[in-house]
**Student:** 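Can you keep this structure in mind? I'll have questions shortly.
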There are 2 protein chains.
Amino acid sequence: MDSDVRADVGLGRRSPTARTRVVVADRNVITRVGIRSILERNAGMAVVAEATSYEAALDAVDEHGPDVLIIDLDLGDDTTRGLKLCEEITDRFPATKILVLANTLSEMIVIEALRRGANGYLCKDDVKADELGKGVRAVQEGDTVLGRGVGSLIAHGLGSTRGSAERLTTREIEVIKAVGQGLSNKQIAQELFISESTVKFHLQNTSKKLNAKRRAEIVHKATAAGLI
Amino acid sequence: MDSDVRADVGLGRRSPTARTRVVVADRNVITRVGIRSILERNAGMAVVAEATSYEAALDAVDEHGPDVLIIDLDLGDDTTRGLKLCEEITDRFPATKILVLANTLSEMIVIEALRRGANGYLCKDDVKADELGKGVRAVQEGDTVLGRGVGSLIAHGLGSTRGSAERLTTREIEVIKAVGQGLSNKQIAQELFISESTVKFHLQNTSKKLNAKRRAEIVHKATAAGLI
DNA sequence: TGTCTTACTAGCCGTTTGGATAGGTGTCAA
DNA sequence: TTGACACCTATCCAAACGGCTAGTAAGACA
């Protein structure tokens, strides 16, 4: 295993002072190198540290006090810890702005991330090289940055009186995970020490929240959103 | 929009002759830059073209005749076209080796890719920086490269007498997609102009192939595998 | 203190599903 | 021609699911 945090290896310094200092948190080397390369070559910024876990990201921000933290919410098993991290960074290091760089585009997650202090949300597959630097610069200056599609997505979500944008409770996510593993309500009930009726109830709520008609659709949406 | 194909912009040439020439096909700029950066800086290879679509990848291979094509199967809406592309490249340009660099790790897709001519299969989230260069070199020299986890995955799959490694038919995928949209068997039957019994039949087959107990699990596995 | 809201729990009843089995067609290659 | 394969249809019955209604516990707020 690589170590979780690695310090700046000093690739091509250009402007000596007042450079935007960035920490990148992503488990994927290729992405880290790509971001570093784009920001350092084209945008004249400095990637001062990289992290591949939530803890490491927190440590890195603590140690380097960067202007911007670029984070992929998908660092561990579930997205919830990434969201938690946004909260924590905002709380403990308010000077560091957070730019989420996500793999998936899910209304629910975008809204959660913004609610918990993220200053921007870009989708990896959609960003162009120059947009990354611009996005970092913009969040650094206090703007909120939403990538192509992200803005309209949440506008749409907020427009609809209710439904899709609501967050799932931990219990609901547990139930959905179990459903995705092919367990029956009875089995889920046993696993979670609740009655079968309760399992059904949770599923009904999630289908409303996710605007899904059946459990299979719930699982599909939750999987696509990276929740399970 | 960027153009689909862009020629080598000549970043840092080092060894003048006999360098491994690579074409990268991935819709994600960050990944492309990351791969280019890793291969050119650390492995002394040349990325001679980038592509962001299947057609462009084919064109680029035709035009540049690279030693290795690095491809993300997830270039378009579904993975099937990426698999088709492996077949086509192997067929028309046998001198170009194919290294699949995937987001997801699915037994079925790994096996399909190898069956259709891919020479290696690495998982983006698992590769370390040096492994990428080594992998490219290895496939170029005729080896088959399977990333961490990939090998054991398919070994496991081949070990089990039957089941998981079988490929889904187009009809089966259509049915699964519909299930993932929350349709009932009856609705699916109407949509596909077949009887409800047939829908159930297809689902029974897919659950055997995917080794899933219920439709929700089928959808989960198929979604996670990028099939729907 | 009373009222609201939210998460969680539960039972009832009709519909949908899954599993096992047993067939039918058309196509393609050995 | 004979398989092999994808695709289609059907029936039976137990099990699972979805929709509805309703109660409890905890926290927020006026």
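In what follows, chains carry the letters A, B, and so on, assigned in the order in which the sequence lines appear, proteins first and then strands, with residues in each chain numbered from 1.
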**Student:** Rounded to whole angstroms, how far apart are CG on Leu183(A) and P on dA15(D)?
**Tutor:** 18 Å
**Student:** Work out how much the helix from dT1(C)-dA30(D) to dA30(C)-dT1(D) bends between its end axes, five pairs an end, to the nearest 10 degrees.
**Tutor:** 40°
**Student:** Using a 4.0 Å heavy-atom cut-off, write out nucleotides 25-30 of chain C from 5' to 3' as B (base contacted by protein), S (sugar-phosphate only) or - (no contact).
**Tutor:** ------
**Student:** Rounded to the nearest angstrom, tell me the gap between atom CD in Gln190(B) and atom P in dT9(D).
**Tutor:** 13 Å
**Student:** Would you call Lys134(B)-Glu131(B) a salt bridge at under 4.0 Å N-O?
**Tutor:** no
**Student:** State plainly whether the residues Lys221(B) and Glu217(B) are in salt-bridge range, i.e. N to O under 4.0 Å.
**Tutor:** yes
**Student:** Check the phosphate of dT9(C) against Arg171(A), side-chain N and O only, distance under 4.0 Å to OP1 or OP2. Yes or no?
**Tutor:** yes
**Student:** Taking atom C1' of dC17(D) as reference, at what distance in whole Å does atom CD of Glu217(A) sit?
**Tutor:** 15 Å
**Student:** Before you tell me yes or no, could you show the steps for Glu174(A) and Lys177(A) under salt bridge (charged side-chain N to carboxylate O under 4.0 Å, His left out), namely the whole-Å CA-CA distance, both residues' side-chain angles and the distance that decides it to 0.1 Å?
**Tutor:** CA-CA 5 Å; Glu174(A) 286 175 332; Lys177(A) 271 186 191 162; over 6 Å; no
**Student:** Counting only non-hydrogen atoms, which of residues 191-206 of chain A are less than 4.0 Å from DNA chain D?
**Tutor:** Lys200(A), Phe201(A), Gln204(A)
**Student:** With a 4.0 Å limit, can you tell me whether Arg214(A) has a side-chain N or O closer than that to the phosphate oxygens OP1/OP2 of dT17(C)?
**Tutor:** yes
**Student:** Can you measure from CD1 (Ile176(A)) to CD (Gln181(A)) and round to the nearest 0.5 angstrom?
**Tutor:** 12.0 Å
**Student:** Rounded to whole angstroms, how far apart are NZ on Lys213(A) and P on dG18(D)?
**Tutor:** 12 Å
**Student:** Of the non-hydrogen atoms in Lys97(B) and Val139(B), which two are nearest, and what is the gap between them?
**Tutor:** CG-O, 3.2 Å
**Student:** Can you check whether Asn185(B) has a side-chain N or O nearer than 4.0 Å to OP1 or OP2 of dT16(C)?
**Tutor:** no
**Student:** Consider side-chain contact (heavy atoms from CB on, under 4.5 Å). Of Thr198(B), Leu192(B), Thr206(B), which one does Val175(B) pass it with?
**Tutor:** Leu192(B)
**Student:** Distance check needed: dC17(D) P versus Ile188(A) CD1, whole Å only.
**Tutor:** 7 Å
**Student:** Can you name the nearest heavy-atom pair linking Leu203(A) to Ile218(A), along with the distance?
**Tutor:** O-CD1, 3.6 Å
**Student:** What's the CZ-P distance between Arg215(A) and dA16(D), to the nearest Å?
**Tutor:** 11 Å
**Student:** Contact class for Ser207(A) vs. all strands (heavy atom < 4.0 Å): base, sugar-phosphate, or nothing?
**Tutor:** nothing
**Student:** Quick one: do Lys200(B) and Glu196(B) make a salt bridge, cutoff under 4.0 Å?
**Tutor:** no
**Student:** Does a donor on one side chain and an acceptor on the other come within less than 3.5 Å for Asn185(B) and Arg215(B)?
**Tutor:** yes
**Student:** Mind listing the closest non-hydrogen atom pair of Ala189(A) and Ser195(A) along with its distance?
**Tutor:** CB-C, 3.7 Å
**Student:** Is any NZ, NE, NH1 or NH2 atom of the basic residue among Asp26(B) and Lys124(B) found under 4.0 Å from an Asp or Glu carboxylate oxygen of the other?
**Tutor:** yes
**Student:** Would you kindly give the CD-to-P distance between Glu174(B) and dA6(D), to the nearest whole Å?
**Tutor:** 15 Å
**Student:** May I have the distance from Ile173(A) (atom CD1) to dA7(C) (atom P), rounded to whole angstrom?
**Tutor:** 12 Å
**Student:** Ignoring hydrogens, what is the shortest heavy-atom contact between Val23(A) and Ala60(A)? Give both atom names and the distance.
**Tutor:** CG1-CB, 4.0 Å
